[in-house]
Colleague: 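What follows is a single structure, and I will ask about it in a moment.
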Amino acid sequence: MSDTDENDLVAQRRQHLQELRKSGNAFSNKFRRDSLAADLIEQYGEKSKEELEQNPVKVAVAGRMMTRRIMGKASFAHLQDMSGQIQLYIRRDDLAEGVYNEGFKKWDSGDIIGATGIVMKTNKGELSIHVDSILLLTKSLQPLPEKFHGLTDQETRYRQRYVDLIMNEETRNTFKIRSQVIEFIRSYLKDVGYIEVETPMMHVIPGGATARPFMTHHNSLDMDLFLRIAPELYLKRLVVGGFEKVFEINRSFRNEGLSARHNPEFTMLEFYQAYADYEDLMNLTEEMLRKLTLAIGGSNEIVYQAETYDLSRPFDRMTVLESILKYNESISLDDLQSLDTIRKLAQQLGIPLEDSYGIGKIQIEIFEKTVETRLLAPTFITQYPTEVSPLARKNDDDPFVTDRFEFFIGGREIANGFSELNDPEDQAERFRKQVAEKDAGDIEAMHFDEDYITALEYGMPPTAGEGIGIDRLVMFLTDSPTIRDVILFPHMRNKS
RNA sequence: GGGCCGUUAGCUCAGCCGGUAGAGCAGUGGAUUUUUAAUCCAUUGGUCGCGCGUUCGAAUCGCGCACGGCCCA
């Protein structure tokens, strides 16, 4: 796109613009529309040609001219606005002198125009506007992609999302649904008593997850800062402060590779509720997702990548160990509970092991390798090992595991939640273990957050919390195979 | 990080056993007062991703790089 000035098509359009500048304001902002394409079709689309002729309705529309068919003294054009498209029927003799030949016929597809006229039906039955005045509002200098095949090159679709949005209704739809999903969640949580908050994105100590952070620097304070990897520890500070039901929907950042499921910045919902446990949140999640799918698509059945998912049925629930046994017939419970045998098992599965890995960590490695992608139907996996859950409350009966769950659908992790660890001494001990792992070379291990411990020492009520990956949820609801399809401007390498 | 595939006109794509690059759409000129991938006639448009090599000759073969896609870790 750097050679735009050398492109003939652009040069021609620049020439058109020069001529427009001579004859007046080439970027007029005086025109006001009173109707959107989709509303007109909704309101008048079912009416007959004769009905519309007998009761003429005058409207003003504006948008981008997507196609144009000139047939001598009459033309058709399709106008696209934020709601959809509507056809214009334009006759030379209905317009002011010269507008048709000196104006309209010299405009280009992609130009932004405004038009007024009477709602009509063509002989072929398409609702249209019989135009009586038409005005160029913005000159488009870049030619649009081809009208039939559109823009299909994935790289261009991501790098120049604006062109993708102009050309592909599917893309527009995906992002409208994304907006609806967030809107629904927001109002759902507010309806059950949550308040929305915003916590820092720049952290002195990156916490709340095990991940590599991005670093930045505050110049006047001469201080290194980290972009947050999760809002968790700040949200729980708010629970200590008495905000007993809080949520935040916003970006977190993780300095990791890119994939169909990973973008360095991504959107998470995190919510925390005092006097609740992880089972309460599983129930809330199940109900919220059920209502969400109904609100978005009018059905609990979701088709994702040719598989149909029915969210009206109760979601499956099983423990980590149960799920490993279910999907690995050759593995026994005893195998998973002895360090010697589980290490051998992991090695047989080709899982690279560090000396520091305990039984719990290896169980999760085996789970991720052999179970995760097979969890197609909506499933809560529970009882994650304490070793891999440094912020979660230990199970009262079995301190080897925590009262934690992750939610899977379509073989993909969507959510992670647990009863929160609110014992400050236990939490301090867990942090110390993380720091030891960090010192041993685990770059993803957590820091010791003293202020967070202090907050817990003031007393955090028994609380449950959860994070839901909004991007992945939207992928599922929009049948998108990669996360780039649900992020407006996904991260890309610099092009040359 | 590894494997495979791709990168040619504004867009969508052919061409690839080496011989000076093509189509459709868009654009331009002409015809056309109900078309809708409008139609008909004519026509413009290219550093074939970048670099190096092989060769008399490279879009085409080889190597390297960049970017993208899919799969794997």
Side-chain angles (χ1 to χ4, degrees), chain A residues 1-16 37 41 49-50 52-53 64-80 84-95 100-101 104-111 117-132 140-164 166-168 256-262 305 346-347 349-353 365 368-370 372-373 411 480-485 490-496:
Chain A
M1 284 285 104
S2 53
D3 297 330
T4 46
D5 290 325
E6 292 169 353
N7 181 302
D8 280 355
L9 300 172
V10 176
Q12 263 166 27
R13 285 167 177 242
R14 251 181 231 289
Q15 186 56 40
H16 289 160
I41 287 161
K49 192 170 162 66
E50 291 72 25
L52 290 169
E53 281 166 5
R64 190 181 297 276
M65 184 166 63
M66 298 300 291
T67 59
R68 204 168 50 139
R69 295 174 290 284
I70 296 176
M71 298 167 306
K73 298 186 187 71
S75 295
F76 289 91
H78 271 102
L79 200 67
Q80 178 170 289
Q85 291 196 353
I86 191 154
Q87 184 172 252
L88 304 181
Y89 176 49
I90 302 148
R91 295 199 305 193
R92 185 193 70 182
D93 297 344
D94 298 330
L95 302 179
Y100 188 77
N101 285 318
F104 174 73
K105 280 175 87 170
K106 293 185 175 175
W107 299 343
D108 298 297
S109 74
D111 284 353
I118 306 296
V119 177
M120 63 167 279
K121 263 232 168 116
T122 64
N123 291 340
K124 299 283 169 60
E126 178 169 348
L127 193 78
S128 306
I129 294 168
H130 189 151
V131 172
D132 54 34
S140 169
L141 294 176
Q142 296 284 347
L144 290 178
E146 196 231 335
K147 63 189 167 194
F148 186 59
H149 297 92
L151 178 68
T152 63
D153 182 75
Q154 293 210 51
E155 185 172 355
T156 311
R157 290 183 49 215
Y158 299 145
R159 287 189 194 276
Q160 295 179 273
R161 184 67 90 183
Y162 40 92
V163 183
D164 185 29
I166 291 170
M167 297 307 297
N168 293 316
E256 295 164 350
L258 289 74
S259 81
R261 288 165 296 283
H262 298 89
Q305 304 293 288
Q347 276 156 1
L349 289 165
I351 296 168
L353 296 177
E365 293 285 329
E368 287 176 356
K369 174 106 182 179
T370 65
E372 193 167 322
T373 58
S480 299
T482 100
I483 198 169
R484 295 181 204 97
D485 290 330
H491 186 78
M492 304 285 277
R493 284 189 164 82
N494 278 337
K495 191 161 189 177
S496 61

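Naming: A, B, ... by sequence-line order, numbering from 1 per chain. Treat the numbers as computed from the prediction; the structure is a model and nothing was measured.
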Colleague: Do A/Thr152 and B/U12 have a side chain to base donor-acceptor pair shorter than 3.5 Å?
Modeller: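 For A/Thr152, whose side chain was compared with the base of B/U12, there is no donor-acceptor pair (under 3.5 Å).
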Colleague: Touch check for A/Ile70, heavy atoms < 4.0 angstrom, all strands: base, sugar-phosphate only, or nothing?
Modeller: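 Base contact - A/Ile70 has a heavy atom under 4.0 Å of at least one base atom.
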Colleague: Quick one: look up who B/C70 pairs with, Watson-Crick or G-U, both distances under 3.5 Å, and put none if it's unpaired.
Modeller: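 In the structure as shown, B/C70 has B/G3 as its Watson-Crick or wobble partner.
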Colleague: What is the nucleic acid contact for A/Lys369, judged by heavy atoms within less than 4.0 Å: base, sugar-phosphate only, or nothing?
Modeller: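 Answer is sugar-phosphate: A/Lys369 comes under 4.0 Å of backbone atoms only.
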Colleague: Determine the contact category for A/Gly350: base if any of its heavy atoms lies under 4.0 Å from a base atom, sugar-phosphate if only primed atoms, P, OP1 or OP2 are that close, otherwise nothing.
Modeller: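 Nothing, no nucleic acid heavy atom in range.
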Colleague: From B/G27, B/U12, B/U34, pick the nucleotide closest to the side chain of A/Leu9?
Modeller: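 Within the option list, the nearest is B/G27.
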Colleague: By nearest atom, which of the nucleotides B/A37, B/U33, B/U28 is closest to the A/Ala74 side chain?
Modeller: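 So the side chain of A/Ala74 is nearest to B/U33.
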Colleague: Got a second to check how far A/Lys121's NZ is from A/Asn123's CG, nearest 0.5 Å?
Modeller: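 Result: 12.0 Å between the selected atoms.
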Colleague: Mind checking who B/C65 pairs with, Watson-Crick or G-U wobble, both distances under 3.5 Å?
Modeller: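 Partner of B/C65: B/G49.
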Colleague: Establish, with yes or no, whether the OP1 or OP2 oxygen of B/A66 is under 4.0 angstrom from a side-chain nitrogen or oxygen of A/Arg493.
Modeller: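 Looking at the OP1 and OP2 atoms of B/A66, neither is under 4.0 Å from any side-chain N or O of A/Arg493.
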Colleague: What integer distance in Å separates A/Asn168:CG from B/C11:C1'?
Modeller: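 For the pair A/Asn168 CG and B/C11 C1', the rounded distance is 12 Å.
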Colleague: State which of B/G68, B/U34, B/C11 makes the closest approach to the side chain of A/Met120.
Modeller: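 Shortest atom-to-atom distance from the side chain points to B/U34.
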Colleague: Taking only side-chain N and O atoms of A/Arg157, does any of them lie within less than 4.0 angstrom of OP1 or OP2 on B/G68?
Modeller: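 For B/G68, neither OP1 nor OP2 has a side-chain N or O of A/Arg157 closer than 4.0 Å.
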Colleague: Between B/U34, B/C70, B/U32, which nucleotide gets closest to the side-chain atoms of A/Arg484?
Modeller: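 Closest nucleotide among those given: B/C70.
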Colleague: Identify which nucleotide among B/U33, B/U34, B/C70 has an atom closest to any side-chain atom of A/Lys49, counting heavy atoms from C-beta outward.
Modeller: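 The answer is B/U34, which lies nearest to the side chain.
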Colleague: Answer yes or no: side-chain N or O of A/Glu155 and base N or O of B/U7 forming a donor-acceptor pair under 3.5 Å.
Modeller: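 Donor-acceptor pair under 3.5 Å: no.
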Colleague: Out of B/U28, B/G24, B/U35, which has the shortest distance to the side chain of A/Glu146?
Modeller: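 Nearest to the side chain of A/Glu146 among the choices is B/G24.
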Colleague: Can you tell me the distance, in whole Å, between the CD atom of A/Gln154 and the P atom of B/U7?
Modeller: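 Result: 15 Å.
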Colleague: Let me know the distance between CD of A/Gln142 and C1' of B/G27, rounded to the nearest Å.
Modeller: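 Rounded to the whole Å, the gap is 14 Å.
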Colleague: Please tell me if A/Arg69 has a side-chain N or O lying less than 4.0 Å from either OP1 or OP2 of B/A38.
Modeller: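 For B/A38, OP1/OP2 do have a side-chain N/O of A/Arg69 under 4.0 Å.
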Colleague: A/Gly110 and A/Ser140: which non-hydrogen atoms are nearest, and at how many Å?
Modeller: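 Result for this residue pair: O-CB, 3.2 Å.
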Colleague: For nucleotides B/C48 and B/C61, find the distance between their P atoms and express it as a whole number of Å.
Modeller: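 Rounded to whole Å, the distance is 16 Å.
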Colleague: Tell me whether the side-chain N/O atoms of A/Lys147 come closer than 4.0 Å to OP1 or OP2 in B/C25.
Modeller: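 A/Lys147 to B/C25 OP1/OP2: no side-chain N or O under 4.0 Å.
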Colleague: Taking any heavy-atom pair under 4.0 Å as a contact, classify A/Met492: base, sugar-phosphate, or nothing.
Modeller: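 The residue A/Met492 makes sugar-phosphate contact but no base contact.
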Colleague: It should be established whether A/Arg14 places a side-chain nitrogen or oxygen under 4.0 Å from OP1 or OP2 of nucleotide B/G27.
Modeller: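 No.
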Colleague: Counting side-chain heavy atoms from C-beta on, which of B/A37, B/C11, B/G69 comes nearest to A/Pro145?
Modeller: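 Given the options B/A37, B/C11, B/G69, the side chain of A/Pro145 is closest to B/C11.
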Colleague: A/Gln85 CD to B/U35 P: how many Å, rounded?
Modeller: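 Answer to the nearest Å: 19 Å.
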Colleague: Rounded to whole angstrom units, what separation is found between the CG atom of A/Leu144 and the P atom of B/A37?
Modeller: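 After rounding, the reported distance stands at 18 Å.
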Colleague: Return the nearest nucleotide to the side chain of A/Asp153; candidates are B/U35, B/U28, B/U12.
Modeller: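 Nearest to the side chain of A/Asp153 among the choices is B/U12.
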Colleague: Taking pairing as Watson-Crick or G-U wobble with both contacts under 3.5 Å, can you name the mate of B/U28, or confirm there isn't one?
Modeller: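 Partner of B/U28: B/A42.
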